[in-house]
Amino acid sequence: LFIEKIFGSSSDTKSCFSHVGNLIAYAASGGVVVSKIEKNNDQRFQVISQRFFCAYTKSQRSCFDSALSPHVAKDTFGFLKPEQSIIVKGDTRNIEDDTDLPRSSNNSDLTPARLSPSKIRDRIKTTSCLSLSPDEKFLIVGETGHHPRVLLYSLAPDSNDFPVFVIHHHSYGIANLKFHPTDPKIFLSLGLINDGFLHIWRLQGTGIQLIASNKTSAIVKDVIWCDKNIITYGVRHLKVWKFEHPNDQLKSKVVVPRARTAIKGKNVLLGKFIDVTFIDATVLNENQLVLLTNTSQLIFYDSGSIISSYDLPEDLHGKVENILVDLANQKLWSTINDSIRPLDLDYVLTHQKKSKALPLSASKSQAPSPVKHNSLFDTATAVTSLPTVASSSLSHLSFPRNLNSDTTML
C-alpha cells in the first residue's frame, strides 16, 4: 500500500509545526508530512506536493555490516545516502538491554543503526517536535517515549524516506528542536523536564558532532534564537544561553580544541514579573523579543534585560494564546480560540510601560510607521471563525520566509 495524500495533523502544539520558504512540515500519526505550497492563477495558495517521512521502513529494518562503507552514495544535495540509518550514541542513553547493539562510548560518534527485537522499542514513537532547516535541505524530528530519538532526514528529491542520522542523546523525550536561523548545519535539541538537557549539534562531513551542552532546571515552555543566542522561557523562567559559533571560535587568537563545551546560561532578572509564566514569544527585531505572559501582559526583552511591559485590555485577559509581530503592516497578531485578532503595534509600543531607561527602537529594515491610531484594534482586518481540522483552537502563528508575500501568515 502507498500513501497518496494525508489530511490533517495529529498534533495541536506549535513544536510539531515548521515552515521555511514554500515548505510546511507537520506531524501526522507516526511520521511527518512535508508539503510544498505555491500560488495558483487566482493568487491563492495550494498544496503542490506532499512527502511523508517515517522513522521505520524496510530499509532500516535490514541488517548489514557494522562498518560504514567508505563509498556511501550521496543525494542531489550532496548529503549522505546510506543503505541504513546511522546511529549517534550519547552518554545519556540507556543501552543495558540492547544486547544486539555494539557497545561504544560517545567518542565513537557513528555506528550503523540496528533495531532490537523488543516489542516496546519496535513500536512507533510519538512525534513531539520538528524543524526545517533555513536552506530547505534538512528535516529534524524529535520523539517522546522509551529511548527517544532525534531523526535527521534529507529533503533532496532522491533521498531516502528513512532518517540519515538517528541521535540517541536524550531521556524520556525531546521537547523542542530548532535550527540556527542562518546556519543550516547548526541545530539545538531540548529535552523534556525530566531530561532537561540543552544540546547544540553541528553537521559536518559524514557525521554529527555535539558541540555544546548544559542542563536546565526550570519548566521550559519553548526555546527561541535571538541576538545570535538561545533564549528559553517558561514558568518563572527567562534565560539567555550564550552560543559561540564554531566559525567565530576559529577566528579567535587563542583556540582551545574541545570536542564539546558547556554552554553558558544567565537568568534574566524578572523583578516584578517573578511569578509569571511566559507562554509565547515573537521576534521584534534582531535584538528584541515580545513575550506573552499568563497574566495577559506583553513583556519586551532587549539584549539580556526586560525593558518594558504592556497590559492587554481587560476583555482579552486570559484569552490570548499566541502572538506574532508583523512589522510590514505594523500589527501584533494574536490568537483567541478559533480567531485571529490584530492589535495596532504602533499603539502598543507607544503605550508600553518602561522598566528601564533603554530605547525600544523598531527594526531599521521595517516599513515606515503609519500614522498613530487612538484605537488599539484594527477591526477591519480582524479574522474570525476560521475553519479548523481536528482542533477547536489555533496553536501557532508564524510567517514563512521567502514566500514572496509580506502579508502571508500561517
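In this text, all values refer to a predicted model and were calculated from it rather than measured experimentally.
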Engineer: For the side chain of T216 and the backbone of G196, is there at least one donor-acceptor N/O pair under 3.5 Å apart?
Structural biologist: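 The answer is yes, because a donor-acceptor pair under 3.5 Å joins these two groups.
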Engineer: Do you know which two heavy atoms are closest between I263 and K242, and how far apart they sit?
Structural biologist: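 Taking I263 first and K242 second, the nearest heavy atoms are CG1-O, 3.4 Å.
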Engineer: Tell me whether R236 contacts the main-chain N or O of D275 through its side chain, where contact means a donor paired with an acceptor under 3.5 Å.
Structural biologist: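 Here the side-chain-to-backbone pair does not exist.
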Engineer: When rounded to the nearest 0.5 angstrom, what is the spacing between CD in Q46 and CD in E38?
Structural biologist: 8.0 Å
Engineer: Start with the C-alpha distance between R341 and L316, add both sets of side-chain angles, then the distance that settles side chain to side chain contact (heavy atoms under 4.5 Å, CB included), and finish with yes or no.
Structural biologist: CA-CA 10 Å; R341 195 170 183 180; L316 297 183; 3.2 Å; yes
Engineer: Checking the side chain of T282 only, and the main-chain atoms of L324 only, is there a donor and an acceptor separated by less than 3.5 Å?
Structural biologist: no
Engineer: Looking at K74, K137, K81, R51, which one forms a side-chain hydrogen bond (donor to acceptor under 3.5 Å, both in side chains) with S159?
Structural biologist: R51
Engineer: Are S85 and R149 linked by a side-chain donor-acceptor pair shorter than 3.5 Å?
Structural biologist: no
Engineer: L298 and side chain to side chain contact (heavy atoms under 4.5 Å, CB included): which single residue from T293, L291, L332 fits?
Structural biologist: L332
Engineer: Among residues two or more places apart or on two chains, list those pairs meeting ring pair (Phe, Tyr, Trp, His ring centres under 6.0 Å) that have a residue in residues 271-290.
Structural biologist: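 Residue pairs passing ring pair (Phe, Tyr, Trp, His ring centres under 6.0 Å), neighbours aside: none found.
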Engineer: Main chain of F179, side chain of S133: is a donor-acceptor contact present, judged purely on distance under 3.5 Å?
Structural biologist: no
Engineer: Among V34, V20, L23, which residue satisfies the side chain to side chain contact (heavy atoms under 4.5 Å, CB included) criterion with L139?
Structural biologist: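 That would be V34.
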Engineer: Of the non-hydrogen atoms in S15 and A175, which two are nearest, and what is the gap between them?
Structural biologist: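 Between these two residues, the closest heavy atoms are CB-O, 4.0 Å.
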Engineer: Given side chains that start at C-beta, do those of F300 and L349 come closer than 4.5 Å, heavy atoms only?
Structural biologist: yes
Engineer: Locate the shortest heavy-atom distance separating L192 from T144; write the atom from each residue and the value.
Structural biologist: CD1-OG1, 3.7 Å
Engineer: Only one of N229, T232, I200 forms a side chain to side chain contact (heavy atoms under 4.5 Å, CB included) with W241, so which one is it?
Structural biologist: T232
Engineer: Looking at V141, I208, I167, which hits side chain to side chain contact (heavy atoms under 4.5 Å, CB included) with V150?
Structural biologist: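 Among V141, I208, I167, the one meeting side chain to side chain contact (heavy atoms under 4.5 Å, CB included) with V150 is I167.
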Engineer: Is there a donor in the side chain of N287 and an acceptor in the side chain of S303, or the other way round, less than 3.5 Å apart?
Structural biologist: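 No, S303 and N287 have no side-chain donor paired with an acceptor closer than 3.5 Å.
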Engineer: Salt bridge between D311 and K353, side-chain N to carboxylate O under 4.0 Å?
Structural biologist: yes
Engineer: Counting only N and O atoms by type, is there a donor-acceptor contact under 3.5 Å from the side chain of D75 to the main-chain atoms of D158?
Structural biologist: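 Such a contact is absent between D75 side chain and D158 backbone.
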Engineer: Could you state the interatomic distance from CD (E321) to CG (N337), rounded to the nearest 0.5 Å?
Structural biologist: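 Answer rounded to 0.5 Å: 5.5 Å.
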Engineer: Using the salt bridge (Lys or Arg N to Asp or Glu O under 4.0 Å) rule, collect all pairs that involve residues 14-30, keeping only residues at least two apart or in two chains.
Structural biologist: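 Only K14-D222, K14-D280 qualify under salt bridge (Lys or Arg N to Asp or Glu O under 4.0 Å).
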Engineer: Which heavy atom in G31 sits nearest to a heavy atom in F52, and how many Å separate them?
Structural biologist: CA-CZ, 3.6 Å
Engineer: Can you name the nearest heavy-atom pair linking G21 to E136, along with the distance?
Structural biologist: CA-OE2, 3.6 Å
Engineer: Please verify the inter-ring angle class for W201 with F187; under 30° counts as parallel, over 60° as perpendicular, anything in between as tilted.
Structural biologist: parallel
Engineer: Examine distances only and state if a side-chain atom of Q209 and a backbone atom of Q204 form a donor-acceptor pair shorter than 3.5 Å.
Structural biologist: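 Flag not set: sc Q209 to bb Q204 has no pair under 3.5 Å.
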Engineer: Just to verify, which of F77, F79, Y153, F53 counts as forming a ring pair (Phe, Tyr, Trp, His ring centres under 6.0 Å) with F138?
Structural biologist: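 Looking at F77, F79, Y153, F53, the match for F138 under the ring pair (Phe, Tyr, Trp, His ring centres under 6.0 Å) is F79.
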Engineer: Go through the side-chain N and O atoms of S189 and H169 and say whether any donor and acceptor fall under 3.5 Å apart.
Structural biologist: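 The criterion, which ignores hydrogens and geometry beyond distance, is not satisfied for H169 and S189.
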